[in-house]
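Reading through the structure tokens given below for one structure.
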Amino acid sequence: MTDSLIEVRALRKEYRSGIGRPPIVALDGIDFTVRAGELFGLLGPNGAGKTTTVKIVLGLTAATNGSAFVSGLPVSNPESRRRAGYLPEGHKIPGYLTARQAMTIFGRMSGMSTEDIKLRIPELLERVRLSQWIDMRVKKFSKGMTQRLGLACALVHRPNVLLLDEPTDGVDPVGRREIRDLLRDEAKNGTAVLLNSHLLSEIELTCDRVAVLRNGKVAAEGTIDELTRKSAKYKMVVAPVDDSLVSMFRETGAIVDRVNGHLVLSVDDLQHLNTLVDGLRARGSILSELAPVRSTLEDVFVDLVREVHSERSEESTEPPQ
Amino acid sequence: MKVIWSNIEDVWREAAARWTLVAYFFLSTIFIIIFASAINLDIVDGALAGAKLFGKQVEMRGNEMSIEKLVLGFESGFSAVLYFLCTFLAIFATAHLVPRLQEKGTIDLYLSRPVSRTKLLLSRYFAGLLLAGSNVVYLLGAIWLIVLWKTHVVHPRFLAGGLVILFVIATLLAFAFLVGVITSSTAVSIMTSYGLFFFSLMLAAHDRIAAAVSHEWQAWVIQTLYWVIPKTAELGTAVVAFVSGNALPKEMNAMLNPQPFLTTAAFGVVSLILAVWRFHKNEF
């Protein structure tokens, strides 16, 4: 028995690009799982396949190969969406509906009883700070309000799986924090949350685990801590710092930057770092601080995306225009 | 049932908010008012002494025409007008249902619910048909009541004629849904549905057209098309024949044979099945 509420196995998606042309591969065999109570972030540059993945998980698009399961059911079964909530990017809740009407319609479509919906609506609108606008038409809502209502509609039927595409888009900083808190509360109650966002800081602040998609593949996956620790950079405070020391370090293959009187070293591994420290001691230099420099998620993301760009440049045989 | 109810609520709220419902019933009301003011009957001691339609004296041919015959004549004539009016208004008011559902950002919200695509599309179809049906009931019911009020003649066949009109609307709506699922365009759905309606009217003369074409294969195409697409001309005549009962010539009553109904129903069912199939295939 597994507690995975979202499970994606060897998922592949190809789009036809016209007669005689090879298909475009949007997803090239990706795997990941999201467990109950986990906040999972899906990252990647534009066109990496994030939205395609979410749409396959919801049965909006069919996979070319591979399989996806929600709450243990294949996504081709509409029942897999019984307890799944979805907030699409750029969603359009019909503007002619009020917040109450929209939530009633979507709640009913999820199988809720009228009595349950009546109890649930005020409770949820209170949580997303829309109580005052319960009977106002959605077309009069600001972008942030529409986004918060979209979240309320996704939560109306008490889902145990939440898929959110740019949930904080257009929301003010206070609203963002509230949404983060709300998502954490949902996760604490056992909901599996899949978050798809371009806002890396948002993912970093919210998610327990992330996967970075690149060229339709999972380029990196792990906790934020694991991903940001992978970069082997160290801050070294040493005296004296002179050019001969820097040259000695560079001869070993380390990348050395002098920053505000200290050194930032990029090394291959811990063995390499220890070699540098040995050399330093042999010279009689005094080491007063050696600490790992943690990358931000943005650093990791940018490095991964840059790798793609450089790969593409190398592959390209087109002369520059 | 909850899905059907949700779609009915959604379709009606949309029709109300976008003024479609108001325009739909406003146009119908104008027609009813014109009809109510157009008929002036002069009834003396329960007998019809004279009648005016749009200010013109109706030919009484001495004292032969009874009030019942006059009502039958009015209602038969108006049922033909209502056939066109109801069908046109219905397509105009409902052809947007699928294209708007398939809009990016909207379809995701509906399909992410635990509802099969078949159920979603058919619920939408039923909701649209209910909206169109309500207008048919409103138009025919109001006119029937006006006639009843002015003449005290009860003629229920006029109301039952609405069923034939609704049958044609159901067929054309199925076609509009098919076009909507394929193109996601309201304009194309309306144009093609109206086009089908008029093309079918022309094909009522299929035998004469087939005889006039120069190649046999062209004649075959004309005859095949006639059998495949809805028989809007025959069904229009059937509405009048149905309302008139036995008061019409035999040729007109002959339109009440099952053939136009069966082939039109087959077209509607196939259109709806294709629409559902294509809706399943669509990727959003």
Side-chain angles (χ1 to χ4, degrees), chain A residues 13 15-16 51-52 54-63 70-71 73 75-98 101-102 104-114 117 137-139 146 150 153-154 156-157 159 161-163 165, chain B residues 1-24 93 96-124 126-128 131 181 184 186 276-284:
Chain A
K13 177 67 185 175
Y15 288 105
R16 280 176 293 180
T51 301
T52 302
V54 171
K55 288 192 168 187
I56 290 173
V57 169
L58 283 162
L60 294 166
T61 295
V70 173
S71 304
L73 295 169
V75 294
S76 55
N77 183 349
E79 279 305 305
S80 67
R81 301 190 290 275
R82 173 71 57 194
R83 292 198 62 203
Y86 177 43
L87 176 68
E89 184 186 9
H91 65 84
K92 284 188 204 158
I93 294 176
Y96 50 83
L97 298 174
T98 64
Q101 290 163 355
T104 303
I105 286 174
F106 291 123
R108 207 184 284 135
M109 284 183 80
S110 294
M112 291 176 80
S113 68
T114 308
I117 293 170
R137 291 242 172 104
V138 176
K139 67 180 175 188
T146 310
C153 286
V156 67
H157 55 300
V161 171
L162 256 183
L163 299 111
D165 212 341
Chain B
M1 201 60 198
K2 283 176 182 167
V3 178
I4 293 174
W5 187 243
S6 299
N7 274 286
I8 290 171
E9 183 182 347
D10 192 18
V11 165
W12 279 76
R13 286 200 186 284
E14 183 180 10
R18 293 187 194 277
W19 295 85
T20 313
L21 197 65
V22 175
Y24 200 10
H96 69 279
L97 289 177
V98 171
R100 204 156 278 161
L101 175 73
Q102 291 196 146
E103 275 178 13
K104 191 175 162 60
T106 301
I107 187 69
D108 317 57
L109 293 170
Y110 288 84
L111 288 183
S112 60
R113 303 285 153 183
V115 179
S116 72
R117 293 189 182 197
T118 304
K119 208 169 181 181
L120 179 63
L121 196 74
L122 292 182
S123 301
R124 205 91 178 152
F126 181 74
L131 180 66
V181 167
S184 288
T186 303
V276 169
W277 174 77
R278 183 58 201 249
F279 192 55
H280 268 273
K281 288 272 171 197
N282 278 357
E283 297 205 333
F284 300 104

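Here is how names work: the chains are called A, B, and so on, in the same order as the sequence lines, proteins then strands, and each is numbered from 1.
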If I measure from the heavy atoms of chain B, does [X] come under 4.5 Å with its side chain, its backbone, both, or neither?
X        : value
A/Leu87  : neither
A/Val156 : side chain
A/Ala102 : neither
A/Arg137 : side chain

Original post:
Take atom CH2 in B/Trp12; do more than 12 heavy atoms of anything else shown fall under 6.0 Å from it?
Top reply: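 Counting other residues, nucleotides and ligands, CH2 of B/Trp12 exceeds 12 neighbours.
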Original post:
Is the count of non-hydrogen atoms from other residues, nucleotides or ligands lying under 6.0 Å from B/Phe126 atom CZ greater than 12?
Top reply: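 Counting other residues, nucleotides and ligands, CZ of B/Phe126 stays at 12 neighbours or fewer.
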Top contributor to chain B interface from [options] [non-hydrogen pairs under 4.5 Å]:
options                             : value
A/Arg82, A/Gln101, A/Arg81          : A/Arg81
A/Ser80, A/Gly111, A/Gly90, A/Ala84 : A/Gly111
A/Asn77, A/Thr114, A/Leu97, A/Leu60 : A/Leu60
A/Lys55, A/Glu89, A/Arg108          : A/Arg108

Please check: side-chain N/O of [X] versus main-chain N/O of [Y], any donor-acceptor pairing under 3.5 Å?
X        : Y        : value
B/Asp108 : B/Gly105 : yes
A/Ser110 : A/Phe106 : yes
B/Gln102 : B/Val181 : yes

**OP:** Please examine the side chains of A/Tyr86 and A/Val54, heavy atoms only from C-beta on, and report whether any two atoms are closer than 4.5 Å.
**Re:**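 In contact.
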**OP:** Select, from B/Arg113, B/Arg13, B/Glu283, the one with the greatest count of heavy-atom pairs under 4.5 Å involving chain A.
**Re:**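 That would be B/Arg113.
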Subject >> Top of B/Leu120, B/Thr106, B/Leu109 for chain A proximity - count of heavy-atom pairs under 4.5 angstrom >> reply: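 When all of B/Leu120, B/Thr106, B/Leu109 are compared, B/Leu109 has the most.
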**OP:** Flag this pair as yes if the NZ/CZ of B/Arg124 is under 6.0 angstrom from the six-membered ring centre of B/Phe279 and inside a 45 degree cone about the axis; otherwise no.
**Re:**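 Output no; distance or angle outside limits.
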Subject >> Proximity breakdown for B/Arg100 and chain A, heavy-atom pairs closer than 4.5 Å >> reply: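 Contact with chain A involves no heavy atom of B/Arg100 at all.
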Subject >> Heavy-atom pair of closest approach, residues A/Ile56 and A/Ala62 >> reply: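 So the two residues come closest at CG1-C, 4.5 Å.
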